[in-house]
Amino acid sequence: MPPLLQPCRLLTNQKVLRIITLLNNNFPKFAATITIYDTMLKLLLQLWAVQQRRNFNWGRFLGEAYFFLVFLAVSIIATLAAYENTDSTADMERVAVIMAACIIVPDFINKLLIKHDETVMDHYLKSKPVDERAWCRFLLVTNVFNFWNWSIPVLLLPFCILFLPAWAVVPAFVLFVAVSMVGGVAITAFRRAKGWTNKWPVLVAMLMWQLFAFVWALVGAFLPWWLHAGVFVALCGGAVTVFYHYLCGLRRYDESQTRGGHVLLGGRSSLFSMEYVSVLRSKRLRAGCLVGLVFVFNAYTQTINGLNVIFYSMLMFAVFFPSMMLGQWVFGVEANYFDGLWTKPVNIRLILRNKFWFYALLDVPTTLLCLPLVWTAGLSPWLLAATWLFAVGVANLSLMPTCLISSRIELFQSAFFNYQGASLAINLYGLIVLIPVAVYCLCTWLLTPLMAAAVLAVSGLVGIALHTLVLDRLALNYERRRYTCFERYRN
């Protein structure tokens, strides 16, 4: 036998029999393991289906369906308008691939706000022989049936039908679904990770995936479209595999850990910490504050039509909305433990002043996000500063009387379509809160930017100067009506 062929010599009959015997001995164990995992997965899916059926709520379903149909109608109208203004739809299938790369980060942020996964086995399943790998496979399969993983592809379906050739509609839709599935599995891994030490790798991997997908969407444009889109779908499969393996490597347990700390309720710093700690810990309050980013986006989009009244109304809501979301409750958070708070040497005036300044700080990030409009849209920097002063001294101060009529809110309930904590008095007072917004719009409409900035700034400074007197008066009224308020908190 030549020397080059010696490594490739045939196996002897004895070695072949040994390999066959080894496979015959181990294959039943391997097949039994696969069968056990499939059985566990089937049982988990059956329990999940029963849970979905029993926990079905018509109110929540109709609320989600309403908003989805609204977004679908907007998508159809925008697609029809773009289709009428487009002269040619040639090579639009290339645009579909670039769109698939561009929706990665918005899709991830959207799922971060509205997609909530149960990534940890409860105590009932922990007491059963459910393998961790079967549980991870269950999480992967349920992502296929999750409604929010199909929402954005369905919203982009009108674009596929109108702008793409008939042969490219289904492949483009599959591409959008594949991109959305990557975001869904990444969110599941993000929810399962405990602590920012394990969450940061998911965020970094998503940024790398966004960069890699965008580069391929541009570079692959020189290849045939079927190869361009097919490789993109294969890359999505690889990204899902990466996030799934990271998901399987995480260990998370549904157990409570008792943590002790030293808190001085009598100190000003610890009282002020109650304001931001409640926001950081409650997903409902966080979601309410993040809605203000929608108005920041609207302010940027309204610059296309110039600095008109609609733009200034969006600017005012962008600055004022985070504090408005929390200010509609005031004592709604403290109502969960106000009986214990009342037994401490706590001054109601001090709590109201802390809330007033916390609302002022809460409006700073959205104001800074609007700062680039000074260079991109010609917004007066003095008017932007005056908007913040007006929001603090007038708009936020007008929210403080709700401390007399606010109800208790559940901090850890979902913020989506949740009216808990609202009442007829709160809804009626919400109309009064819109008066400062109307005054702001009138000033920006009737006066020049410099004069409007002067009027708004002076009004805000007057409100800040008088806030101590107003809050003292509210604290006195609250102390007189405290038993009525306490009784409302228990309902």
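Here the structure is a predicted model, which means the values were calculated and not measured. Computation of the quantities below employed the complete heavy-atom set of this structure, encompassing side-chain atoms and omitting hydrogens, waters and symmetry-equivalent molecules.
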Above 12 or not: heavy atoms from other molecules or residues under 6.0 Å from CZ of Phe147?
yes
Could you list the residues that satisfy side-chain hydrogen bond (donor to acceptor under 3.5 Å, both in side chains) with Tyr478, not counting sequence neighbours?
Tyr489
How about Met324 and Tyr359: do any of their side-chain heavy atoms sit closer than 4.5 Å?
no
Is there a donor-acceptor pair under 3.5 Å between the side chain of Thr367 and the backbone N or O of Val319?
no
Minimum heavy-atom separation for Val309 to Cys441, with atom names?
CG1-CB, 4.2 Å
dist Arg480:CZ -> Leu476:CG (nearest 0.5 Å) comes out at 4.0 Å
Would you give the length of the straight line joining atom CH2 of Trp445 to atom OH of Tyr312, rounded to the nearest 0.5 angstrom?
14.5 Å
Treating Trp150 as the side-chain partner and Val144 as the backbone partner, does any N or O pair qualify as donor plus acceptor under 3.5 Å?
yes
Hey, what do you get for CD1 (Ile464) to NE2 (His467), rounding to the nearest 0.5 Å?
8.5 Å
Is the shortest side-chain heavy-atom distance between Leu315 and Phe320 below 4.5 Å?
no
Does Trp216 CH2 have over 12 foreign heavy atoms under 6.0 Å away?
yes
With a 3.5 Å cut-off and no angle check, do the side chains of Asn396 and Lys355 form a donor-acceptor pair?
no
Identify, with sequence neighbours excluded, every residue that meets salt bridge (Lys or Arg N to Asp or Glu O under 4.0 Å) alongside Asp107.
Lys111
Exercise: identify the closest heavy-atom pair between Ala377 and Thr303
CB-CG2, 3.6 Å
Would you check if His245 and Val240 make a side-chain contact, meaning some heavy-atom pair closer than 4.5 Å?
no
Provide the closest heavy-atom pair for Val179 versus Cys236 in the form atom of the first, atom of the second, distance.
CG2-SG, 3.7 Å
Can you tell me if CZ on Arg473 sees more than 12 non-hydrogen neighbours from other groups inside 6.0 Å?
no
Under the criterion salt bridge (charged side-chain N to carboxylate O under 4.0 Å, His left out), I'd like the reasoning laid out for Arg349 against Glu479: C-alpha separation, chi angles, the key distance, then a yes or no.
CA-CA 10 Å; Arg349 294 171 175 81; Glu479 291 172 356; 3.6 Å; yes
State which residues pass side-chain hydrogen bond (donor to acceptor under 3.5 Å, both in side chains) with Asn198; sequence neighbours excluded, sorted by chain then number.
none
Nearest heavy atoms of Trp388 and Ala360, plus distance in Å:
NE1-O, 3.3 Å
Candidate pair Leu207 and Leu211, rule side chain to side chain contact (heavy atoms under 4.5 Å, CB included), full reasoning:
CA-CA 6 Å; Leu207 293 177; Leu211 179 62; over 6 Å; no
Strictly distance-based, threshold 3.5 Å: is any side-chain N or O of Ser180 a donor or acceptor partner for the main-chain N or O of Ser151?
no
Can any side-chain N or O of Arg353 pair as donor or acceptor with the backbone N or O of Thr468 at less than 3.5 Å?
no
Can you find a pair of side-chain heavy atoms, one from Leu369 and one from Leu293, that are under 4.5 Å apart?
yes
With rounding to the nearest 0.5 Å, note down the distance linking OG1 in Thr301 to CG in Asn298.
5.0 Å
Contacts of type side-chain hydrogen bond (donor to acceptor under 3.5 Å, both in side chains), residue Thr444, not counting sequence neighbours:
none
Does Phe190 offer a backbone N or O that forms a donor-acceptor pair with the side chain of Lys199 under 3.5 Å?
yes
Is it true that a side-chain atom of Asn149 and a backbone atom of Phe145 form a donor plus acceptor pair closer than 3.5 Å?
no
Taking all non-hydrogen atoms of both residues into account, name the closest pair between Asp363 and Ala391 and its distance.
OD2-CB, 4.2 Å
Are more than 12 heavy atoms, taken from residues, nucleotides or ligands other than Trp382, located less than 6.0 Å from that residue's CH2 atom?
no
Distance-only, no hydrogens or angles: does the Gln210 side chain make a donor-acceptor pair with backbone N or O of Ala101 under 3.5 Å?
yes
Once the angle between the rings of Trp135 and Phe138 is folded into 0 to 90°, is it parallel (under 30°), tilted (30 to 60°) or perpendicular (over 60°)?
tilted
Please name the residue in the list Thr79, Leu80, Ile77 that meets the side-chain contact (heavy atoms from CB on, under 4.5 Å) test with Pro158.
Thr79
Please check if the number of heavy atoms outside Phe56 that lie under 6.0 Å from its CZ is greater than 12.
yes
Partners of Tyr440 by side-chain hydrogen bond (donor to acceptor under 3.5 Å, both in side chains), sequence neighbours excluded?
Thr387
Starting from the C-alpha separation in whole Å, work towards a yes-or-no answer on ring-ring contact (aromatic ring centres under 6.0 Å, His included) for Phe61 and Trp58.
CA-CA 5 Å; Phe61 171 76; Trp58 276 106; 5.7 Å; yes
Do Met206 and Leu203 have side chains that approach each other closer than 4.5 Å (heavy atoms only, starting at C-beta)?
no
Side-chain heavy-atom pair Phe390, Pro436 within 4.5 angstrom cut-off
yes
Counting C-beta onward and ignoring hydrogens, is there a side-chain heavy-atom pair between Pro372 and Tyr300 closer than 4.5 Å?
yes
Please round to the nearest 0.5 Å and tell me the distance separating atom CG of Asn477 and atom CD1 of Ile348.
12.5 Å
After noting the C-alpha distance and the side-chain angles of Val50 and Leu47, does the key distance pass the side chain to side chain contact (heavy atoms under 4.5 Å, CB included) rule?
CA-CA 5 Å; Val50 172; Leu47 291 174; 5.7 Å; no
Listed partners of Leu371 passing side chain to side chain contact (heavy atoms under 4.5 Å, CB included), at least two apart:
Val374, Trp375, Leu384
Check whether more than 12 heavy atoms from other residues, nucleotides or ligands sit under 6.0 Å from atom CZ of Phe214, and answer yes or no.
no
With rounding to the nearest 0.5 angstrom, report the CG to CG distance, Leu389 to Leu456.
9.5 Å
Tyr244 and Cys136: CA distance, side-chain angles, deciding distance, side chain to side chain contact (heavy atoms under 4.5 Å, CB included) verdict
CA-CA 8 Å; Tyr244 173 70; Cys136 293; 4.0 Å; yes
Phe321 versus Thr366: any side-chain heavy-atom pair under 4.5 Å?
no
Looking only at heavy atoms, what is the nearest atom pair of Val330 and Met400, with distance?
CG2-O, 4.2 Å
Hey, mind stepping through Phe311 and Leu379 against side chain to side chain contact (heavy atoms under 4.5 Å, CB included) and telling me if it holds?
CA-CA 10 Å; Phe311 165 78; Leu379 175 65; 4.0 Å; yes
